[in-house]
Amino acid sequence: MSFFDFFSSLDQKEIVDRVYAKYDQTYLLTLINKESLHYYDFLALLSPSAESVLNEMAIKSQFITKKFFGNTMLLYVPLYLSNECSNACLYCGFNKNANIIRRTLSLKEIEQEILFLKEKGFDHILLLTGEYPSVAGIDYLEEAISLTKKYFSSISLEVFPSTEAKYKQLVDAGATGLTLYQETYHLPTYKLVHLSGPKTNFAFRLNAPEEALAAGFRKVGLGALLGLTDWRFDSAFVGSHAKYLMNKFWKSDVSISFPRLRHTPSSLPLIFTVSDKNLVQMILAFRLFLPSSALTLSTRESAELRDNLMGLCITQMSAESKTNPGGYTSNLSTEQFSTDDNRSLKKIISCLNKKGLDPILKDWSNHFQGFNQEPA
Amino acid sequence: MFAMKNTEILTIAGKEFHSRLFTGTGKFASPKLMKDALTASGTEMVTVALRRVDLKNPEDHILNHLDRTLFHLLPNTSGAANAEEAVRLARLSLASSLSNWIKLEVTPEPRYLLPDGEETLKAAKILIKEGFIVLPYIQADPLLARKLEDIGTATVMPLASPIGSNKGIKNIDLIKIIIEQANIPVVIDAGLGKPSDAAYAMELGADAVLVNTAIATASNPKNMGEAFKLATIAGRIAYLSGLSNTSDIANASSPLDWLS
C-alpha cells in the first residue's frame, strides 16, 4: 500500500472534526504532559482550543528540543541550480508562464557557487531545481551531486517527484536527503493552484517521499505551503504522512518544514492567512508529536521570528539564502521568492551564541551510505 | 576530603585512568562551556562523534577545544546505521591519526538511537582484527556482552536507559548480570540523568560511567560536571567499602564458626 492509498483510506471528515472539536484545558494539559502522543492527541493540539495552552506547549517543546538536540542548531545553505519549469503553479515565481530570466547552471557555474559557499563555512547544502527534466533532470542532478560531494559532507535535494529507480541514481551519486512539499493535501485546492504540467498529478507527488526512502535516501523532508488552504487541515495530513513514513521506513529521519507564503501573489484565488501565532502553534504541535524530528525554518521568515523560535522548537535553519540560480556569485536570473532574513552566516552564528546555542555546520560523514569506500 | 584520596586506577587496554567518569562532547551550548564542564568533571576520557569532526580542518570546532594531554580522545561512530558504516568511520579516524580507540555505536533508527547488537558484533569483529581498541555501546544484553568480550573488546558499554532520556538505570537486573559476569570493564552509558544515577551505577559495581546530556544540557554544565565527578567517586568508594545490603552474606560473622 502506498501513502496515496493510505491517504485515500483516511476519514477526512473525522480528522477535521477532531481538529475543530472543543477540548477543555485540563484535557489538553494532560496531552501535553504525555510522554508519547497519539495521532489524535496531535490533532487536538492543532485545534483552536489549544490556543489557550500555547505557553504550556512551548515549555514542553523547549524541554523536548533540548533533550533530543541539546543546545544546538544545524545550519545549511540552499543552492538553486535551475529555475526552468514546466509547471504552472499560481503561487510560484518559477511558474512556466512567468516572464522571468531563466537559467540552468553549468557544472562550471555550480562549482563557482559551491566554492563561494564552502568558503563561508557551510558543509550542509540543499540543491534545488524546478521541474524541467529535459534540461535539469535526474542525469543533470547526478552530475551536480557528484561534483558537490567533493566539497560538502551532506547534500540534500529539493527537486521534483520521481520514482524509486531514478531516485536511486541520486542516492548512489551521494545525496542524503530529499525535501518534497506536497504544497497542500487538500485535493480541490491542489487542483485549483496547479494549472498545468506534471505537478498536476497529486498522487504521484504524494508518493514521491516514499519512493525516495525506498531508494535509500536517509532523510526526507515534508511540508505544506502555508497560505494555500486551512493550515490546520494541511498540518493534520503532514502529520499523518510523517507517521506513515516513520512506521514504514523505521531507519529513516523525517523532518518537517514550515514554508509560509508571506507575500501572497494576486493570482491566488483565495487567501488563507497564517498568523505568527498560528505558525507557532503548528510548529509546537509537531515538536510534541514528533520529538526527535528535525524542524526547519527557512529565511522566508523574518530574523525576529527565527530568533524567537531558536532553542524553542526549530532545530535547523538556512542562512544567507539566494533563491535564484547563480545568485551567490552573479545575478543573472530571477528568484523564486524573496527572503526576509538576509543576515550573514556570521551574524546568525553570533545570534545563536547569544541565545546559548552552538551552531553546527557539520553533522554528517561522507563515509555514511556507501560512498568513498576508502578513507580519504 | 576523603573522596580525593581515591587513587584507585582503572585500566582499559593497558591505559590507566584516574577518573571513572567518561564524558561526551555533544549538545553543549558552546565549546567554552564544554571545556569548562569537562575540566570540572575531572574526566580523562572524552568521546567525540566522528561525523561532527572535520578532520581536514585543523581549526575544527570540537577538536580544537580539547587538550589532548588532559583528555584521552575516544572517537565514536554515532550516526552509523550498520556495521559497514561504523567500520568505515573507524578507519577514517585511524587514517587521520586521530586514534585507534573507537567507541562503537551502531544506531540504525533515529528515534531512540538504540544500538543494533547484531551489527555491533559484526563491526567489532572486523575492527578488532584490524587492531582497533573497541568499546562497544550495547543494550543491557548479558549474552551480547559475553560475545563481545570473547572476541576481544576492551570494555562493554551497556545503556542504562535510552540515550538522552535522563531516566537513570531502568534495566538494573540485566546490568547487574553483565557486571557480575564481565571480565572486562563495564561502563554504564546513556540515560544517566542525575549524579545520583551515576553514583548508583558505581555502587552496583560498574567500572565507569559515561555522561553527556545531563551535563551538557544542565543550566550550569560546569557545576554539573563537578557534581557527577563527586557522585562517581562516592559510588565507587561505596562499592569498594562493601554496601551493607549487598555484602551481608560475604562479610557477616558466620553462624557456623563453631564448625571446624
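Open room surrounds CD on A:Glu304; 12 or fewer heavy atoms of other groups in view lie less than 6.0 Å from it. A:Lys355 NZ: more than 12 foreign heavy atoms inside a 6.0 Å radius. The environment of CZ in A:Phe63 is sparse: at most 12 heavy-atom neighbours from other residues, nucleotides or ligands sit within 6.0 Å. Around the NZ atom of B:Lys122, the shell of radius 6.0 Å holds no more than 12 heavy atoms that belong to other residues, nucleotides or ligands.
When each of B:Gly79, B:Ser30, B:Ser93, B:Ser165 is scored by its heavy-atom pairs under 4.5 Å with chain A, the top score falls to B:Gly79. Per-residue counts of heavy-atom pairs under 4.5 Å with chain B were compared for A:Leu361, A:Asp123, A:Ile360, A:Leu357; the largest is that of A:Ile360.
Only the side chain of B:Thr213 comes within less than 4.5 Å of a heavy atom of chain A; its backbone N, CA, C and O stay farther away. Interface remark: B:Ala216 contributes backbone atoms only to the contact with chain A (heavy atom separation under 4.5 Å).
The two residues A:Ser252 and B:Pro110 have their closest heavy-atom pair at O-CG, 3.3 Å.
Atom NZ of B:Lys32 sits about 13.0 Å away from atom CG of A:Asn353, to the nearest 0.5 Å. To the nearest 0.5 Å, atoms CD (B:Glu85) and OG (A:Ser365) are separated by 8.5 Å.
Applying the side chain to side chain donor-acceptor pair (under 3.5 Å) criterion to B:Arg111, with sequence neighbours excluded, gives no partner residue.
Looking at heavy atoms from C-beta onward, A:Ser292 lies out of side-chain contact with B:Tyr112 at the 4.5 angstrom threshold.
Sorted by first and then second residue, the salt bridge (charged side-chain N to carboxylate O under 4.0 Å, His left out) pairs with a member in residues 209-222 of chain B form an empty list; sequence neighbours excluded. Identified under the salt bridge (charged side-chain N to carboxylate O under 4.0 Å, His left out) test for residues 38-49 of chain B, with sequence neighbours left out: none.
Heavy-atom proximity under 4.5 angstrom to chain B picks out A:Lys66, A:Lys67, A:Phe68, A:Phe69, A:Gly70, A:Asn71, A:Thr72 from residues 66-78 of chain A.
Using a cutoff of 4.0 Å between basic side-chain nitrogens and carboxylate oxygens, A:Lys251 and B:Glu119 are not scored as salt-bridged.
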